[in-house]
Every structure is written in structure tokens, then in C-alpha cells.
Amino acid sequence: MKILVPVKRVIDYNVKVRVKPDQSGVELANVKMAMNPFDEIAVEQALRIKEAGGAEEIVLVSIGPAQSQETIRTGLAMGADRGIYIEAGQDVEPLAVAKLLKAVVDKEAPGLVLCGKQAIDGDCNQTGQMLSALLGWSQGTFASGIEIAGDTAKIIREVDGGLEHISISMPCVVTVDLRLNEPRYASLPNIMKAKKKPIDALDAADLGVDTAPRLTLVKVEEPEARQAGIKVASVTELVDKLKNEAKVI
Amino acid sequence: MSILVIVEHDNQAVNVATLNTIAAAKEIGGDLHLLVAGENCGSVASAAAALDGAGKVLCADSAEYGHNLAENLAPLVSGIAGDYSHILAPATTFGKNVMPRIAALCDVPQISDIIEVIDSDTFKRPIYAGNALATVKSGDDLKIITVRSTAFEAVADTGGSAAIDALSSGGDKGLSSYDKSELSSSERPELTSANIVVSGGRGMQDGANFTMLESVADKLGAAVGASRAAVDAGFVPNDYQVGQTGKVVAPELYLAVGISGAIQHLAGMKDSKVIVAINKDEEAPIFQVADYGLVADLFDAVPEFDKEI
């Protein structure tokens with residue numbers, strides 16, 4: 001089986017995001033970028049499946065500006081086999097991403113697509129489900145457990161009230177949640193090896209996909225800042241304030 | 001213009017997040033239809049018909065809709081999408097799972113997690129874990145939207161008297177099946193709908209110490225939550241998690257105990273009306289958003305607080 005893992009280059013999760021003064025978006029120039037953390041978990045899971053003998057090849061796909069190839073390299077250094085890069089702007093909408101990924105799936109015929117459940121920039125949480133719909137495949141979203149046996153994948157899903165267990169037919173799209181695994185760090189020898197692994201470039205137009213945005217971004221603004229309140233000196237004062245000033249208990 | 005709201009339920013009762021979603025639909029304006037798809041879900045359809053603002057209830061009652069499997073539910077919805085200008089669902093794990101599948105089948109983009117309706121085409125939504133707010137406008141005839149429930153006041157569950165129309169089922173697609181659920185059993189209110197939330201962080205040191213918070217929560221009728229640090233440390237299960245990667249809450253009172261206030265946690269609770277922080281580190285970032293801060297050892301302060309309330 002071949003596993004396809006889409007990876008996205010986003011602002012590093014430790015960086016404080018700043019909105020541009022002209023409200024056209026957030027500041028990306030000179031900001032540390034990294035692989036979307038949920039995608040790292042997807043890469044790690046693919047590696048574990050391969051190491052357990054459940055897959056022969058792991059192919060990474062990234063869609064975005066030229067530097068997205070660095071994100072592919074990061075995943076290759078973790079142990080993935082090769083990459084596919086599709087040049088596009090930073091803000092390709094999830095529906096267009098899903099259509100591009102469908103074109104890649106049609107070419108590569110993987111048995112499993114492992115995605116992060118959402119990218120931490122747009123927070124859309126759409127791409128995996130959309131890809132699954134376009135392919136007519138089954139989907140296992142927000143997975144914290146994946147077990148593949150023959151034609152079926154048993155998925156444990158993180159849902160609002162706890163966990164849900166489902167069985168889905170292969171091939172399938174699985175989107176991964178935080179607790180599925182802890183991604184490994186790339187070792188120096190693997191980083192060196194990754195430099196020689198192939199990355200093929202594909203063109204969105206050749207794949208027959210229109211990546212023009214369907215939604216208009218009117219503006220991006222800072223949320224209203226919350227003002228710090230007061231420090232109370234004792235529990236008694238705190239209870240008094242909550243009862244008589246805030247009137248919430 | 002007609003709007004369809006997909007009712008989230010467990011075949012017994014309407015999930016409250018649906019009521020917030022209807023509130024968003026009413027702000028958009030138009031004839032409001034509610035879809036109840038489930039198995040033996042007649043009582044849910046009746047409850048939906050009584051919801052404030054309900055114009056019509058569509059009920060698809062069949063085994064393949066019994067467990068909200070997206071593979072079966074999405075084609076049912078996309079099949080009737082042509083009748084609507086907007087299709088809304090709550091941005092819960094239910095809505096997040098099924099709505100993008102519907103959007104892709106209809107070939108329209110989805111607008112996730114809206115917190116404000118500007119007009120019938122334009123919506124505000126958080127990006128970067130709420131560190132920025134994007135206003136987006138759709139030019140499509142159909143808008144597929146998920147609604148952040150904490151941003152809209154729930155409508156009343158009475159006052160409506162809508163007709164219930166049966167919708168024929170689309171059959172089981174045979175792609176997926178439900179096995180079982182492991183739901184956290186608790187007498188306390190649900191995190192996302194509780195008026196008061198008492199949360200613990202890494203400072204709690206041990207899962208057993210959460211009994212202190214549970215005692216306070218039970219006196220206040222509150223839900224118990226946790227930071228990601230506390231979940232990762234194994235103190236409490238993941239469904240307690242409040243934050244960017246967990247649940248987003250906006251209660252009347254949020255009590256943060258032993259929580260430092262990482263950006264990822266703040267994203268999940270900063271819209272709470274009153275925030276209280278108890279932490280022994282007076283430099284902790286949580287104090288920058290707290291209305292009332294108490295610098296104290298939580299192991300002294302929490303039992304004392306418990307006694308005084």
C-alpha cells in the first residue's frame with residue numbers, strides 16, 4: 001500500500017501572529033514557518049504504519065509558495081520516501097486543495113490518505129472531508145486511533161462527548177487529531193539523506209484545477225483585546241467580588 | 001430565500017448547539033427549515049418543530065442515519081441543497097465532520113466556525129486560533145456554514161409549531177459503520193454549554209487533585225475543564241480540554257486554577273464573561289486576561305474557596 005500525506009507550511013505555532021496594518025491579512029514576511037503540527041502527526045502515523053509492514057511507500061504533497069518544498073523536506077527527513085510539490089499562492093481554499101489532491105490521488109492511487117484535521121492558520125477543518133467526498137471514499141475524522149486490517153480501517157474518533165469507534169472501508173481518508181502520536185525528530189543522517197530524495201513538481205493548471213479563490217477576503221482584524229482586571233488579596237475578597245460585584249455566583 | 005439548519009441530536013433529544021445555530025440562521029433571515037436525520041428520531045422531529053423560528057421540519061428516519069455517518073448523511077443533504085440559499089450546522093465535531101463533505105458534493109466552499117453574521121453573504125470567523133478575525137464574503141448562490149455556538153445566544157425551545165415532512169432515505173452507502181461510543185459519564189453540565197466552568201492546569205500536579213475542583217464545580221453547578229498541559233500530563237481525559245485544540249467555551253464565569261495561560265488555552269476561553277485566575281506565579285500570562293486574579297498556592301486557596309462559597 002502507498003500512503004499519501006498532504007503537508008502544509010504555516011506560521012510556527014509558537015509565533016505570536018500579527019495582523020497587517022492594512023487589514024489585508026496576517027504578517028508572513030520574516031516570520032518563522034513550520035509544518036502544520038497536525039500534518040506532522042499524520043506523517044508520523046504513516047511512518048509507523050510503514051515500519052509495522054503495513055505500507056511500502058509514503059508520498060508527501062504540499063501545495064503553496066516555493067518554500068513549501070522545505071516543508072516536504074522536513075517530512076522526508078522524518079522518513080517519508082518522496083515528495084510532490086504543486087506551486088500555488090499561500091491562500092488556496094480547502095475546496096481547491098481537495099481538488100488538487102484528488103488529481104494527485106488519481107495519478108498515484110494510494111490506499112490511504114492521512115491528513116491533519118486542520119491547518120492552524122485558516123483553522124478551516126475541511127480539506128480531508130472534502131477530498132473524501134470528491135473521491136467517493138469513506139472518511140475517519142479526528143482520529144486518535146487507527147488500525148488497518150485488510151479492507152477495513154478501525155478508527156477511534158475524538159468527538160465532543162468522548163470517543164467514537166467506527167469501521168470504514170479502504171481506501172479511505174483519515175484526518176488525525178492531537179493525541180494519535182508524538183511525532184519524531186529528524187536525525188542528522190536522515191536530514192542528509194532527505195536532501196537526495198526526489199520532489200516532483202506538478203502544475204495546478206495541468207491538473208485541470210482552478211485555484212482562484214471563491215470567497216472574497218474583506219478584511220482581517222485583531223480581536224478586541226481583553227483588559228487585565230484586578231488582583232485580589234485573599235479568597236474572602238475573591239468570593240465577595242464574585243458575589244457582589246460580578247454577581248456570577 | 002430558505003435556510004436549512006441541520007439538527008444535531010442523539011435520536012433522543014436536540015443538542016443545544018443547534019439552538020445557537022438557529023439563532024445565527026435567524027440573523028441571516030429567511031424561511032427556516034430544520035433537517036432531522038436519524039433512526040427512530042420521531043421525538044427529535046417533534047422537539048425540532050417546537051423550536052422558536054422553525055418553519056418546517058424535514059425528517060429522514062432510517063437506519064443508515066442512526067449514527068451521523070457522514071458518508072450517508074452528506075448525499076441526503078446535498079440532494080436537497082438546491083432548495084436553499086444557506087445550509088448551517090453547529091461547529092461541533094458533528095458539524096465539522098459532515099459539512100465539508102456536503103460542501104464538496106455541492107461544489108461550494110465552506111465558511112467554518114462563524115462568530116458574526118454581517119449580511120446574508122458576509123461572515124466573520126476566527127483564524128489563527130482566534131488571534132485574528134477574518135471577514136469573508138461569498139459570491140455563491142449556496143453558502144455552507146458552520147456556526148460557533150458560543151458566539152450566538154440560543155433560541156427558545158418552545159414557540160414553534162412547524163409541520164413535519166418525511167424525507168425518503170438515500171440508502172446506506174456501505175462505506176462506513178458505527179461500532180461503539182465511549183462517552184464520559186458525568187452528572188455535571190456539558191463544558192460548552194455550562195454557565196460556569198472550573199478548569200485546572202499543570203499546576204494541579206496530579207489527576208487525583210481534580211477532586212478539589214469537582215467539589216467546587218458541584219457547589220456551583222459548573223462543568224470541569226482542563227488545559228492541554230493537564231490533558232497531556234494524563235491528569236484528565238482529552239474531552240476536558242479547553243483551547244485551540246480542544247473546546248471553545250464562553251461561560252458567565254471561568255475559573256482557571258493552576259493554568260499559566262498559553263496562547264492555545266486563551267483561544268478557548270477568552271470570550272468568557274468573567275475570568276478568575278488562581279496561580280502562585282504572579283507573572284503567569286493568565287493574569288493579563290483575568291478580571292480577578294489571586295496569587296496564591298492553589299492547594300490552600302481552592303479548599304478555602306470551596307468553604308466560602
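Lettering follows sequence order; numbering is per chain, from 1.
Within 6.0 Å of the NZ atom in A/K231, the count of heavy atoms belonging to other residues, nucleotides or ligands exceeds 12. Within a 6.0 Å sphere centred on CG of A/D91, heavy atoms belonging to other residues, nucleotides or ligands number 12 at most.
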Side chain to side chain contact (heavy atoms under 4.5 Å, CB included) between A/L178 and B/R228, intermediate numbers included: CA-CA 10 Å; A/L178 222 48; B/R228 181 168 166 199; 3.2 Å; yes
Going through the checks in order, is the side chain to side chain contact (heavy atoms under 4.5 Å, CB included) test met by B/R125 and A/C124? CA-CA 10 Å; B/R125 58 178 301 267; A/C124 286; 4.0 Å; yes
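The closest side-chain heavy-atom distance from A/D123 to B/Q244 is below 4.5 Å.
One finds the OG1 atom of B/T146 at 8.5 Å from the CG atom of A/N125 (value rounded to the nearest 0.5 Å). The CG atom of B/D107 sits 5.5 Å away from atom CG of A/L95, with the distance rounded to the nearest 0.5 Å. With rounding to the nearest 0.5 angstrom, the OG atom of B/S181 is 11.5 Å from the CD1 atom of A/I156. To the nearest 0.5 Å, atoms CD (B/E308) and CD (A/E237) are separated by 11.5 Å. Residue A/D121 holds its CG atom at 4.5 Å from OH of B/Y128, rounded to the nearest 0.5 Å.
Each of B/D239, B/N97, B/T93 was compared with A/V159 under the side chain to side chain contact (heavy atoms under 4.5 Å, CB included) criterion, and only B/T93 meets it.
Using a 4.5 Å cut-off between heavy atoms, A/E158 contacts chain B through both its backbone and its side chain. Of the atoms belonging to A/L131, not a single heavy atom falls under 4.5 Å from chain B.
Of residues 134-152 of chain A, those residues with a non-hydrogen atom less than 4.5 Å from any non-hydrogen atom of chain B are, in numerical order, A/L134, A/G136, A/W137, A/S138, A/Q139, A/T141, A/F142. Residues of residues 241-249 of chain A lying within less than 4.5 angstrom of chain B, judged on heavy atoms, are A/K241, A/L242, A/K243, A/E245, A/A246, A/V248, A/I249 in numerical order.
Put simply, of B/E252, B/H67, B/K96, the one with the most heavy-atom pairs under 4.5 Å next to chain A is B/K96.
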